[in-house]
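First the proteins, then the strands, lettered A, B, ... as listed; each starts at 1.
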Amino acid sequence: MTPIEPVPFVTPERPRRTVATRLGTLLPKIVLAPSFAITLVFVYGFILWTVYLSFTRSRILPVYDLVGFDAYYRLWSQPNWYMAIKNLAIFGVLYISLCIAIGLFIAILMDQRIRAEGLLRPIFLYPMALSFVVTGTAWKWFLNPGLGLEKTMQNLGWESFKFDWLINTDMAIYTIVIAGVWQASGFVMAMFLAGLRGIDGEIIKAAQIDGASNTAIYRRIIIPMLRPVFLSAVIVLAHMAIKSYDLVIALTGGGPGNATELPSTFMYSYTFTRSQMAVGSASAVMMLMGITAIIVPYLYSELREKRS
Amino acid sequence: QESVEVLHWWTSGGEAAALNVLKENLQKQGISWQDMPVAGGSGVQAMTALRARVTSGDPPTAVQMLGFDIKDWAEMGVVGNLNDLANEQGWDKVIPAALQEFSKYDGDWIAAPVNVHSTNWLWLNKAALDKAGGKAPENMDELFAVLDKFKEQGITPLAHGGQPWQDGTLWEAVVLSVGGMDFYKKAVIDADAEALSSDTMRKVFDNMSKLREYFDPNFSGRDWNLSTALVIEGKAGAQQMGDWSKGEWLRAEKKPGEDFVCIRFPGTQGSVLFNSDQFVMFDVGEDKRNAQLKMAAAVEDPAFQIAFNTVKGSVPARTDVPDTDFDDCGKKGMKDLAEAAASGNLAGSLAHGHAQPSSVKEAVFDVVTQHLNGQITTDQALERLPQAVASAQ
Amino acid sequence: MSFLEIRNLTKKIGSNEVLKNISIELEKGEFLVLVGPSGCGKSTLLNAIAGLMPLTSGQIILDGQVINDLHPSKRDIAMVFQSYALYPNMTVEENIGFALEMRGVDKVKRKEAIRDVAGTLQIEHLLDRRPSQLSGGQRQRVAMGRALVRQPRVFLFDEPLSNLDAKLRVEMRAEIKALHHNTNTTIIYVTHDQIEAMTLATKIVVLRDGAIQQVGTPHEIYSRPANLFVADFMGSPAMNMLKGRVVTVDGARRIAIFDNTVNVAVPASVTVDLAEGRDVILGLRPEGITDESLADPAAGSVTRVDAEVALVEPTGSDTFVTAKLQGGTFTARVRADVSVAPKERFTFLFNLDKAVVFDPVSKQRLS
Amino acid sequence: MSFLEIRNLTKKIGSNEVLKNISIELEKGEFLVLVGPSGCGKSTLLNAIAGLMPLTSGQIILDGQVINDLHPSKRDIAMVFQSYALYPNMTVEENIGFALEMRGVDKVKRKEAIRDVAGTLQIEHLLDRRPSQLSGGQRQRVAMGRALVRQPRVFLFDEPLSNLDAKLRVEMRAEIKALHHNTNTTIIYVTHDQIEAMTLATKIVVLRDGAIQQVGTPHEIYSRPANLFVADFMGSPAMNMLKGRVVTVDGARRIAIFDNTVNVAVPASVTVDLAEGRDVILGLRPEGITDESLADPAAGSVTRVDAEVALVEPTGSDTFVTAKLQGGTFTARVRADVSVAPKERFTFLFNLDKAVVFDPVSKQRLS
Amino acid sequence: MSAASETVSAGSARTARIVIYGLLFLLAAVYLLPLYVMLTTSLKSLAEIRGGDMLALPREPSAEAWVKAWGQACIGVTCEGIKGYFWNSIKMVVPAVAISTVLGALNGYVLTKWRFPGHKIVFGLMLFACFIPFQAVLIPMARVLGVFGLANSTAGLVFVHVVYGLGFTTLFFRNYYEAFPDELVKAAMIDGAGFFKIFWRILLPSSGPIIVVTVIYQFTNIWNDFLFGVSFSSGAESPMTVALNNLVSSSTGVKEYNVDMAAAVFAALPTLFVYIVAGRYFVRGLMAGAVKG
Ligand SMILES: Nc1ncnc2c1ncn2[C@@H]1O[C@H](COP(=O)(O)OP(=O)(O)OP(=O)(O)O)[C@@H](O)[C@H]1O
Ligand SMILES: Nc1ncnc2c1ncn2[C@@H]1O[C@H](COP(=O)(O)OP(=O)(O)OP(=O)(O)O)[C@@H](O)[C@H]1O
Ligand SMILES: [Mg+2]
Ligand SMILES: [Mg+2]
């Protein structure tokens with residue numbers, strides 16, 4: 001081996017920290033700083049601004065005179081708001097649990113060494129790619145008793161078939177659930193599929209040798225092992241449920257009556273169409289508080305766990 | 001080059017074609033037209049976009065707007081001033097006072113009215129009506145009788161689209177029919193709590209419940225034009241809707257009097273509930289002001305008024321436009337408007353933002369829609385209506 | 001008939017023949033160790049026995065019954081995986097009890113059995129923990145416990161100690177040995193580690209590229225390797241392989257090595273006739289080449305060789321000396337406190353009793 | 001002044017003192033091996049020397065210059081990581097050349113240097129592959145190449161061979177030794193493996209819980225461990241630790257072991273005065289207890305002990321015999337072909353020359 | 001213990017396969033229905049749509065609606081179809097995705113490989129930002145854009161999407177880099193590479209899977225966004241979704257459902273394309289870090 005020239009070695013004059021080394025240690029923070037600053041201003045600054053507005057009498061545009069809790073009194077005296085909260089509870093619970101159940105079910109089916117996986121995967125995933133601005137009309141037709149499923153079934157000879165949830169005040173919220181599940185369950189499927197693929201094959205072999213049947217393996221070993229995926233899925237879905245807006249607007253516009261009002265549509269309509277910006281802000285504050293209650297414990301546990 | 005930027009929600013074929021007249025007129029004067037269409041929900045999204053534009057300090061030149069929204073925006077001090085132009089062209093004389101109510105703020109002209117719609121119309125399929133006896137109904141009872149006949153024919157008696165604003169449009173027509181103009185003014189314009197929970201109002205809601213039974217099962221969430229189509233195709237007998245509905249008939253190449261009949265909603269003959277699309281001129285600064293004024297002038301140009309309103313189904317916002325180019329329904333509309341204005345039977349439409357600010361309007365919609373959809377009873381509606389209105393004020 | 005018999009087992013994955021015509025017989029209570037380089041098919045063979053993958057051809061006969069098509073859960077075989085494969089969502093107790101639960105053993109009995117096993121493995125205090133809260137050595141014991149609790153017909157161990165550090169390894173090795181001793185179960189054990197293989201096995205199978213190279217007791221494998229591969233694979237440092245040629249000196253057949261400069265007696269184990277002039281390879285393990293003081297006084301045939309020392313590696317307990325002579329190097333094991341330094345000359349004692357002779361062409365041992 | 005001097009180095013992570021007041025001096029060209037149980041702070045110390053983590057207190061002086069605050073890229077130190085840390089997205093060539101590229105060495109020279117190193121390590125044919133296409137041993141060599149190409153002032157190796165199988169390990173060990181021999185660079189090397197430590201080091205540092213236990217040559221560490229921990233940690237099987245008591249027999253100080261049934265001469269290395277009746281621990285490595293044939297003829301003080309054999313572990317090259325006597329067990333190393341079986345009695349030769357004596361309370365060696 | 005002699009019969013295995021495939025294809029058909037409706041409707045004539053069955057195949061398929069949607073349909077007073085808006089969306093999506101991905105990657109890099117006290121709080125705050133309802137930020141954002149002179153421009157939209165995409169991109173990359181060996185960074189440091197060199201030469205080239213996930217996620221979200229588009233852009237500058245909305249939800253006039261559907265399919269094409277082409281890598285990328293499974 002022929003030696004290569006020793007590379008000139010930089011000797012700092014002083015053993016103290018030079019500007020260069022100090023800059024070196026600061027650089028990562030400098031890189032992170034813009035993103036963090038942006039987040040502080042555009043998220044937390046705006047949240048504070050919204051909180052402030054909720055204490056004003058803003059109507060069509062923001063005004064900045066404080067009037068106390070007036071907007072909150074108004075908010076909590078709106079039957080619409082209670083309806084929105086009740087709907088969110090129904091929608092949230094069903095949406096999250098159905099997405100997870102269906103997503104997991106399909107993921108398990110897809111995990112059985114399916115030949116056509118390359119063909120099927122995009123079919124389950126594509127609804128996530130489409131906005132409801134795009135699919136809303138198709139869904140509206142499909143669920144409309146006069147045009148869609150009901151009519152098709154009746155044309156096919158099943159005269160007594162009835163599916164009128166879209167226009168039924170008691171059932172309309174479930175049509176939102178159906179469309180929502182259609183859209184998001186494929187994504188959840190992908191998450192579960194990734195989780196399933198990540199499971200060590202030896203563990204399954206071990207379970208077989210321990211005498212477990214296939215159902216026992218899924219029930220006792222695999223599904224419990226997917227716990228972190230469940231958690232991620234719940235968080236992702238919860239945030240989509242809370243933010244759901246397009247879905248409702250495209251499908252029912254909040255109707256019939258206010259049967260499908262959600263906090264997000266409530267907030268939008270009070271802020272922008274009903275010229276009650278303060279009430280809208282108050283509802284936004286309530287939503288943020290709800291989200292905080294869900295997310296912060298999750299973040300806390302997630303970031304703590306890393307320590308060990 | 002000078003230009004105007006116009007925010008509107010007239011995105012469909014006919015209206016856009018009519019707007020083109022305005023655009024071309026301006027282009028001839030060397031002013032380019034930047035189109036800013038925002039469709040959907042009768043201007044809901046447009047108002048959101050407008051808020052964003054105004055907040056960012058860059059408002060569009062002119063914005064299509066209705067009734068009380070104009071007042072709200074004027075109050076924010078972000079609109080321009082058209083006094084010079086209006087004085088020069090004598091708008092005070094040719095534009096009805098009821099419209100000026102909205103076109104002016106604190107005595108200053110701020111908007112150029114485009115048209116006058118009236119909402120208390122009933123549209124009937126002529127063939128179906130003939131089968132049902134041929135006589136146009138003149139009060140609620142006759143209406144129910146006709147609807148019953150339609151039912152016997154096996155068609156949907158009343159085509160209605162279940163969206164809050166359509167429910168509201170129907171409701172205000174019933175209010176006017178049941179209570180008359182004085183009651184309408186008291187209950188709707190003055191939002192008198194007593195009137196809102198009176199026995200008359202109970203009758204209104206009872207009638208609404210009754211009408212509900214003549215809808216087809218698919219009414220919920222349906223766009224109004226689809227309902228109109230049902231009537232056109234003879235699948236339904238009648239539709240209560242504003243005069244913009246006529247555009248659909250015309251486009252389907254149907255003739256007033258031959259294929260369809262336009263009448264005032266039974267019981268509201270002689271009264272007109274109106275709404276008026278206006279172009280509100282925003283405060284855009286001196287450099288764009290010239291173009292803005294030219295646009296305002298072009299809007300009030302009789303040629304444009306005729307071209308636009310014949311397509312849209314509405315009547316001109318100026319009283320000095322001849323009715324020669326209009327069809328029977330149009331002529332009737334112009335005549336009704338003039339008479340109602342003279343007799344004091346002209347009032348703003350609630351459903352279209354000319355009776356109350358949008359907060360109150362939507363509060364009323366909430367109650368009306370929930371009642372119509374059976375979520376609340378009439379008793380509850382009567383109790384809740386004054387509350388909702390009060391809390392929205 | 002043997003307790004476990006593998007007959008002409010072949011396994012192809014794709015076009016790759018991972019196991020080639022494997023036949024093994026095993027008596028009840030035997031401890032079979034599979035050794036071989038990485039990728040030679042050891043895990044595949046275990047998986048085949050456990051029923052975790054279908055065979056291409058051949059038969060596996062357990063206790064007189066062909067089990068080729070029997071589902072793994074019905075074979076009554078326990079397996080300890082290299083990665084332990086503990087169920088991360090279950091506590092140690094549940095892990096150990098899972099197999100019993102699957103077999104419908106009732107709760108009370110299960111608890112008792114778990115306590116017993118945990119006692120043996122000294123993990124009673126860990127029963128409520130989850131695998132993620134255990135150290136490597138503790139996990140290993142739980143994996144073992146999961147197998148032990150069942151008293152299966154056969155135990156399979158796939159490199160169960162490879163993740164442990166040296167100290168723990170020695171301990172666990174002793175425990176496995178004790179287990180086998182006390183329960184007298186049949187065990188098949190895969191390892192990379194020569195010491196493990198030598199100390200645990202009653203029988204060793206050496207695999208290479210899916211084919212069996214040799215089957216025998218540890219002593220046979222070590223002292224009489226069937227071919228060059230086995231000789232080289234077992235033992236560290238590896239066996240010295242010296243090129244030699246058969247010569248006749250004073251009428252006796254001898255083997256000349258180091259370019260004919262040294263000739264040594266033909267090892268007693270070579271009973272075949274070696275033709276004069278025949279090329280051979282003489283294999284002699286490092287401990288067969290020593291200094292004077294370490295030489296086996298009982299050795300029958302010893303040759304002294306003077307050579308120049310190239311490298312001295314003291315390991316504490318011994319010193320390995322690599323020396324050069326006439327185009328060949330060899331490694332010797334000398335007493336730790338012998339004084340020897342590179343470049344010096346040193347006298348090595350070659351103990352020919354321990355030597356083996358291979359054919360350089362067929363690579364087989366001549367005997 | 002030494003080439004590399006570490007002075008009173010302390011490192012806290014959180015409240016945990018990972019390195020406690022470490023001081024080490026190293027001359028140019030020395031080969032320092034760090035050993036110690038898992039988690040004792042070996043990697044942390046290497047990282048500190050490389051500048052990959054800030055120190056809590058203390059100084060690192062390289063070639064007369066305090067380098068505490070010097071950025072890793074400026075220290076001119078090369079490091080081979082336990083996990084190799086090859087850049088997965090680069091070819092072997094790019095991996096090896098990366099450091100030169102970062103230093104602005106031009107392309108032609110770089111290529112030349114890479115060829116040279118690749119030649120030495122015999123990986124020329126792999127230059128275009130990516131790390132994922134290499135075997136463990138090949139990866140190891142690339143990692144080495146990445147360090148070698150630079151000719152740094154100090155090499156740091158963090159358990160570079162721990163992922164390799166036994167065979168490759170022996171080979172690579174030899175290569176590292178040759179590298180050190182040929183280039184005479186300064187090397188600091190972390191390992192778990194006793195053989196590696198013994199054969200490579202010129203100096204060994206034994207760490208435990210972040211504190212130095214002993215510094216010395218391999219021979220010192222092995223033969224004269226400073227305390228019980230070092231004695232137990234180095235060597236496999238571990239040193240036998242026998243409880244003893246100082247007695248006087250025929251006017252001479254001796255040490256009684258196995259409940260006073262056997263007494264042995266005090267090892268020559270013990271020069272301190274042992275009071276009569278004092279409790280001690282007598283340490284004797286397995287190779288210090290042998291059968292007759294293996295005994296060191298030069299040994300000065302040998303005691304014969306008859307004991308019952310408990311366990312026989314033949315490893316091929318040797319046989320380890322564990323025997324029991326009066327409340328104590330010990331492990332002896334006997335010749336591989338000695339015939340010995342459990343339950344038999346056997347005569348062992350204790351070579352007291354090799355014994356060391358510890359204080360049972362302070363755990364320090366007495367000498 | 002003796003094992004019951006029970007063999008896995010080939011027959012029952014085959015039935016199981018048939019059931020699995022049957023279920024999967026049935027589910028796939030259900031998932032495809034809306035797309036099927038959109039596609040068939042876009043190929044039908046208006047008359048056929050009014051009179052016919054929604055699920056029926058078109059009797060006389062015609063691409064007329066497609067041609068019209070792309071180049072002729074009227075949106076406001078201009079009748080040039082949606083093609084212009086299509087490019088608007090592209091102009092918005094590409095920089096927004098690129099910038100938010102790069103920033104997210106850098107943030108993830110700093111938060112995992114250059115940790116500093118408080119890094120968890122910084123990350124927690126950035127992550128929480130993913131969950132704020134966008135309706136709440138419209139007005140203040142409009143003000144800020146106005147002040148910066150970005151109001152009503154593609155640049156402004158890009159900015160908004162970057163700001164509100166940062167939380168997710170940072171999350172994705174952080175989780176991915178968390179599993180990336182620290183040794184590689186240390187090795188590169190010792191080899192003499194600096195902060196950016198290490199990122200550019202070592203981490204980024206190995207980030208393929210997570211870049212795929214991030215890009216897909218951001219691309220779909222930004223492409224499909226309507227709220228920001230309608231609020232912060234106007235007229236000819238509008239993104240696709242706004243134009244589509246103008247086309248399909250105009251309140252008066254004849255609804256040309258076939259044109260609407262064709263336009264909707266056009267609007268969905270890029271995202272569909274992305275999911276179909278990169279679906280496999282999506283699952284792989286999720287495996288590689290975004291989901292901790
Ligand atoms: N799924 C597979 N597809 C193709 N080849 C495979 C597959 N699994 C294993 N092999 C091949 O089969 C051979 C044997 O693999 P096996 O795991 O049995 O080796 P092993 O002896 O256990 O090695 P190790 O000691 O490294 O664990 C290897 O060459 C491997 O490449
Ligand atoms: N980031 C950290 N936070 C807290 N403690 C740490 C951290 N890194 C290391 N330690 C602790 O520092 C001690 C020394 O760790 P180090 O990695 O130096 O051990 P090691 O001797 O290299 O062990 P091994 O042989 O297992 O590699 C350990 O007890 C470890 O738990
Ligand atoms: Mg294996
Ligand atoms: Mg370490």
Side-chain angles (χ1 to χ4, degrees), chain D residues 13-14 43-44 46-54 70-91 94-105 110 130-132 139 142-150 152-160, chain E residues 101-102 105-106 108-123 172-173 175-215 280-281 284-285 287-289:
Chain D
I13 300 180
S43 299
T44 310
L46 282 204
N47 278 321
I49 296 169
L52 297 172
M53 45 169 60
L70 204 59
H71 192 266
S73 58
K74 306 266 190 273
R75 293 192 181 198
D76 198 18
I77 282 176
M79 184 157 171
V80 176
F81 292 85
Q82 177 167 1
S83 57
Y84 310 150
L86 300 183
Y87 310 127
N89 53 301
M90 300 185 192
T91 62
E94 289 165 336
N95 260 287
I96 296 178
F98 187 70
L100 300 183
E101 191 189 334
M102 288 298 116
R103 276 169 179 68
V105 176
R110 220 156 71 205
R130 287 182 193 266
S132 58
R139 283 179 208 195
V142 175
M144 200 94 93
R146 214 165 54 173
L148 293 188
V149 78
R150 283 181 42 201
R153 295 192 290 181
V154 179
F155 280 108
L156 307 177
F157 290 89
D158 195 355
E159 309 194 25
Chain E
T101 305
V102 167
L106 279 170
Y109 171 53
V110 171
L111 288 172
T112 52
K113 302 297 170 214
W114 298 84
R115 291 194 162 146
F116 49 86
H119 69 95
K120 280 185 187 169
I121 293 172
V122 169
F123 175 62
F172 287 158
F173 278 98
N175 285 351
Y176 185 75
Y177 288 152
E178 183 93 351
F180 192 86
D182 286 345
E183 273 76 27
L184 286 176
V185 175
K186 291 181 178 175
M189 257 197 243
I190 287 174
D191 276 351
F195 178 81
F196 286 111
K197 271 265 164 59
I198 294 176
F199 177 66
W200 183 249
R201 295 289 306 275
I202 311 293
L203 271 89
L204 209 51
S206 303
S207 306
I210 203 64
I211 289 177
V212 170
V213 170
T214 311
V215 166
R280 176 203 313 261
Y281 304 100
R284 248 185 240 166
M287 261 178 83

Is E:Lys186 close to chain D through its backbone or its side chain, or both, or neither, when contacts mean heavy atoms under 4.5 Å?
both
Side chains of E:Asp191 and D:Tyr87: any donor to acceptor distance under 3.5 Å?
yes
Using a cut-off of under 4.5 Å on heavy-atom pairs, state which of E:Gly194, E:Ala187, E:Ala193, E:Gly208 scores highest against chain D.
E:Ala187
Does the salt bridge (charged side-chain N to carboxylate O under 4.0 Å, His left out) test come out yes or no for E:Lys120 and E:Glu178, once each step is laid out?
CA-CA 13 Å; E:Lys120 280 185 187 169; E:Glu178 183 93 351; over 6 Å; no
Any idea which of D:Pro152, D:Ala143, D:Ala99 has the most non-hydrogen atom pairs under 4.5 angstrom with chain E?
D:Ala99
Salt bridge or not between D:Arg146 and D:Glu101? Use side-chain N to carboxylate O under 4.0 Å.
no
Establish, from distance only, whether the side-chain atoms of E:Tyr176 and E:Thr112 form a donor-acceptor pair under 3.5 Å.
no
Portion of D:Asn47 that has a non-hydrogen atom of chain E nearer than 4.5 angstrom:
side chain
What is the distance from atom CE of E:Met189 to atom CD1 of E:Ile202, rounded to the nearest 0.5 Å?
11.5 Å
Let me know if D:Leu86 has heavy atoms under 4.5 Å from chain E in its side chain, its backbone, both or neither.
backbone
Using heavy-atom distances under 4.5 Å, tell me whether D:Phe81 contacts chain E through its side chain, its backbone, both, or neither.
side chain
